[in-house]
Amino acid sequence: MRLSTYFLPVLKETPNEAQIVSHRLMLRAGMIRQSSAGIYSWLPLGLRVLRKIEGIVREEQDRAGAQELLMPTIQSAELWQESGRYDAYGPEMLRIRDRHDREMLYGPTNEEQITEIFRGLARSYRDVPKILYHIQWKFRDEIRPRFGVMRGREFLMKDSYSFDTTADGARRAYYKMFVAYLRTFARLGLKAIPMRADTGPIGGDLSHEFIILAETGESQVFCHKSFLEKDPLALGLDYAADLKPVFDDWTHDYAATEEMHDAAKAAALGDDLVTARGIEVGHIFYFGTKYSKPMGATVAGPDGQPVTLEMGSYGIGVSRLVGAIIEACHDDNGIVWPESVAPFKVGLVNLKSGDAETDGMCEKLYAELTAAGVEVLYDDRDERAGSKFATMDLLGLPYQLVVGPKGLKDGVVEIKARAGGDRETLSPEAAIARLTA
RNA sequence: CGGGGUGUAGCUCAGCCUGGUAGAGCGUCGGCUUUGGGAGCCGAAAGUCGUAGGUUCGAAUCCUAUCACCCCGACCA
């Protein structure tokens with residue numbers, strides 16, 4: 001992509017309404033535009049990141065055996081009356097009437113919807129276990145939206161739902177999602193810590209929040225320092241195996257949010273206690289028959305008798321993650337994207353647009369890298385070098401490939417790693433080899 | 001919802017107290033000179049001062065209402 005033609009409205013100054021760093025940087029980097037309180041448009045650069053995150057979330061769900069479908073954003077009130085949540089949910093749910101005066105709602109979550117689908121189409125115990133998920137926009141009319149996309153009213157969520165006929169089966173599904181979440185957040189470049197959670201209005205008796213540590217996090221969290229050294233990607237990947245040992249390994253050390261905090265247990269850790277700020281990016285629940293029972297979601301058991309389904313639900317805040325990643329990955333000059341979610345891998349900086357030799361080398365590098373499948377944002381604008389460096393640092397692409405007349409005189413270009421700032425001077429051929437490696 | 005705050009040019013803000021018909025910097029557009037960490041000079045475009053009433057000869061400025069947005073609290077992916 002050429003910056004001269006890209007719709008990337010970069011701001012030099014920080015808009016007044018943005019208070020936290022991720023919101024400021026997203027606005028300055030031209031990723032989003034606010035539409036109204038807690039509702040945002042995603043501009044091209046922001047959308048690229050959102051899609052990358054979505055892709056990783058999807059891959060890990062699929063790998064764990066979950067199957068993607070897509071449910072509507074607009075739901076009928078009837079289902080929610082069946083589960084009893086239509087009244088319980090309160091004003092946070094956006095209620096709508098259609099032209100026939102039928103009560104509808106914009107879905108804040110989809111337990112009822114998926115339960116309706118499953119009860120209507122699954123007949124036998126042979127139809128389980130299943131984990132179904134979708135990645136869909138939600139609307140919750142939050143009392144106070146804030147922090148940009150971190151707590152929007154409209155947000156993109158990955159929500160999975162598991163169906164089993166036994167509590168044991170449901171726990172196996174829970175463990176699968178637990179492991180999938182560990183892997184997902186690790187791939188996103190985040191240190192996510194599972195913490196025992198309150199089940200809240202969704203209900204149930206087993207629940208974990210996945211919290212990432214960031215100085216600007218919303219809530220106080222406490223955990224054993226062992227979590228900081230664990231690497232989920234080092235785990236084996238056998239979802240058919242018994243995952244309870246993995247679950248136990250990740251839950252036996254102390255980790256809690258403020259609400260679930262046990263001061264005595266924490267104090268017992270002594271120097272091993274880490275106190276930090278955290279952002280909730282995922283939440284998983286095992287809630288048994290909370291919805292299946294009132295909604296009559298059963299399948300025939302081996303003996304022909306109906307069995308009420310055991311369910312769980314598993315959410316990841318996809319759009320929140322864009323902000324959360326920035327909270328965890330930035331410096332004074334701007335965003336520092338983990339490579340897995342960066343909107344482009346390489347920022348090609350032409351230090352002297354209009355200079356035939358520099359232009360020529362940039363075009364060559366741009367063409368060859370692009371042909372090799374590397375995503376390149378080429379700053380071909382007629383701007384001063386300082387301005388281009390500042391823009392690239394703000395955008396936070398992992399590598400800056402800097403091409404200028406001084407270097408070309410010696411036949412070299414420069415690669416700067418955004419994280420850490422290491423610079424390396426090398427030949428154009430070596431640079432291509434390095435960036436396509 | 002309770003408490004606090006802000007709405008003036010694309011962005012950041014001044015002007016309001018002490019009414020007299022709108023300014024700066026950045027950005028944008030044009031020109032010249034520059035060119036390895038947000039350049040300099042010259043010129044230009046751009047605002048029914050959130051909206052609606054009211055007071056007044058006259059309102060960005062005073063009064064009333066209303067809307068929007070932001071911050072602190074309870075809630076959440």
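Within every chain, numbering begins at 1; the chains are lettered A, B, ... in the order of the sequence lines, protein sequences first and strands thereafter.
Computed from coordinates, the A:L11 CG to B:rU12 P distance equals 8 Å when rounded to whole Å. Atom-to-atom, CD of A:E13 to P of B:rC11 comes out at 11 Å; the value is rounded to the nearest Å. In this structure, A:L351 places its CG atom 9 Å from P of B:rG37, rounding to the nearest Å. Rounded to a whole Å, the CD atom of A:E218 is 12 Å from the P atom of B:rC75. The CD atom of A:E111 sits 12 Å away from the C1' atom of B:rA77 (whole-angstrom rounding). Between A:I143 atom CD1 and B:rC72 atom C1' the separation is 14 Å, expressed in whole Å. Straight-line distance from the CG atom of A:D382 to the P atom of B:rU35: 13 Å, rounded to whole Å. Atom CD in A:Q19 sits about 14 Å away from atom C1' in B:rU12, given to the nearest Å.
A centroid separation of less than 6.0 Å is found between the aromatic rings of A:F222 and A:H261. Taking the six-membered ring for Trp and the full ring otherwise, A:H208 and A:F247 have centroids separated by under 6.0 Å. Centroid-to-centroid, the aromatic rings of A:Y286 and A:Y174 stay 6.0 Å apart or farther.
When both distances must be under 3.5 Å, the Watson-Crick or G-U wobble mate of B:rG2 is B:rC72. The nucleotide B:rG47 finds no pairing partner, because no Watson-Crick or G-U wobble arrangement with both distances shorter than 3.5 Å includes it. B:rA22 is unpaired under the Watson-Crick or G-U wobble criterion, no partner having all donor-acceptor distances under 3.5 Å. Look at B:rG7: its Watson-Crick or wobble partner, with both distances under 3.5 angstrom, is B:rC67. When both pairing distances are held under 3.5 Å, B:rC62 makes a Watson-Crick or G-U pair with B:rG54. Pair assignment for B:rG30: B:rC42, on the basis of Watson-Crick or G-U wobble contacts that are both within less than 3.5 Å.
Note: A:H283 and A:F285 have parallel aromatic rings, judged against thresholds of 30 and 60 degrees for the angle between ring planes.
A:G317 comes within 4.0 angstrom of a base, heavy atoms only. If you check every strand for non-hydrogen atoms under 4.0 Å, A:V318 touches nothing. Within the nucleic acid shown, A:G90 has no heavy atom closer than 4.0 Å to any nucleic acid atom. Counting non-hydrogen atoms under 4.0 angstrom, A:G282 reaches the backbone sugars and phosphates but no base. Residue-level contact check: A:T14 touches the backbone only, with heavy atoms under 4.0 Å from sugar-phosphate atoms and none from bases. Base engagement by A:R28 is indicated by at least one non-hydrogen atom pair under 4.0 Å involving a base atom. A:D159 comes within 4.0 angstrom of nothing in the nucleic acid, heavy atoms only. Nucleic acid contact class of A:A385 (heavy atoms, under 4.0 Å, all strands): sugar-phosphate only. At the heavy-atom level, A:G421 lies nowhere under 4.0 Å from the strands shown. Residue contacts for A:E209: at a heavy-atom cut-off of 4.0 Å it reaches no nucleic acid atom on any strand shown.
Contact between the side-chain N/O atoms of A:R146 and the OP1/OP2 oxygens of B:rC72 is found at a separation under 4.0 Å. Proximity of A:Q34 to the phosphate of B:rC70: a side-chain N or O atom is located under 4.0 Å from OP1 or OP2. Listed pair A:R140 / B:rC76 fails the phosphate criterion, with no side-chain N or O lying under 4.0 Å from OP1 or OP2. OP1 or OP2 of B:rG27 sits under 4.0 Å from a side-chain N or O of A:K12.
Taking the P atoms as reference points, B:rA46 lies 14 Å from B:rA22, given to the whole Å. Nucleotides B:rA44 and B:rC26 are separated by 16 Å at their P atoms, to the nearest Å. Remark: the separation of the C1' atoms in B:rA24 and B:rC67 is 29 Å, to the nearest Å. For the P atom pair drawn from B:rU35 and B:rG40, the interatomic distance equals 14 Å after rounding to whole Å. To the nearest whole angstrom, the two P atoms, one in B:rU28 and one in B:rC16, are 31 Å apart. Distance check on atom C1': B:rU34 versus B:rU48 gives 41 Å, rounded to whole Å. Going from the P atom of B:rA14 to that of B:rA59 covers 24 Å, rounded to whole Å. Comparing B:rC71 with B:rU61, their P atoms are spaced 27 Å from each other, to the whole Å.
The nucleotide whose nearest atom lies closest to any side-chain atom of A:R320 is, among B:rG37, B:rC70, B:rA77, B:rA77. Comparing atom distances between the A:E142 side chain and each of B:rG73, B:rA77, B:rG36 picks out B:rA77 as nearest. Listed candidates were B:rC76, B:rC69, B:rG36. Nearest to the side chain of A:K406 is B:rG36. Closest to the A:E17 side chain, of the nucleotides B:rC69, B:rC75, B:rG37, is B:rC69. Side chain of A:M157, nearest nucleotide from B:rA77, B:rC69, B:rG37: B:rA77. Distance from the side chain of A:P405 is smallest to B:rG36 among B:rC71, B:rG36, B:rA77. Comparing B:rG36, B:rU34, B:rC1 against the side chain of A:R384 picks out B:rU34 as the nearest.
Interface remark: the A:R423 side chain does form a donor-acceptor pair with the B:rG37 base, using a distance-only criterion of under 3.5 Å. Taking only distance into account, the side chain of A:T391 meets the base of B:rG38 through a donor-acceptor pair shorter than 3.5 Å. At a cut-off of 3.5 angstrom, counting only N and O atoms as typed in the model, there is no donor on one side facing an acceptor on the other between the side-chain of A:R381 and the base of B:rG38. One N or O donor and one acceptor, one from the side chain of A:R151 and one from the base of B:rC75, sit under 3.5 Å apart.
In this structure, A:R95 forms a cation-pi arrangement with A:Y86, its terminal cationic atom sitting closer than 6.0 Å to the ring centre and no more than 45° off the ring axis. Cation-pi geometry between A:R48 and A:F344 is met: under 6.0 angstrom from the ring centre, within 45 degrees of the axis.
Within a 6.0 Å radius of OH in A:Y378, more than 12 heavy atoms belonging to other residues, nucleotides or ligands are found.
The residue among A:M150 and A:G404 whose nearest nucleotide of RNA chain B lies closer to the 5′ end is A:G404. Both A:I20 and A:K352 sit near RNA chain B, but only A:K352 has its closest nucleotide nearer the 5' end.
A donor-acceptor contact closer than 3.5 angstrom links the side chains of A:W80 and A:Q75. Looking only at atom types and distance, the side chain of A:S83 has no donor-acceptor partner in the side chain of A:K293 under 3.5 Å away.
Using a distance-only test at 3.5 Å, with no hydrogens or angles considered, a donor-acceptor pair links the side chain of A:K138 to the main chain of A:Q136.
Per the stacking criterion (ring centres < 5.5 Å, plane angle < 30°), A:F155 stacks onto the base of B:rA77.
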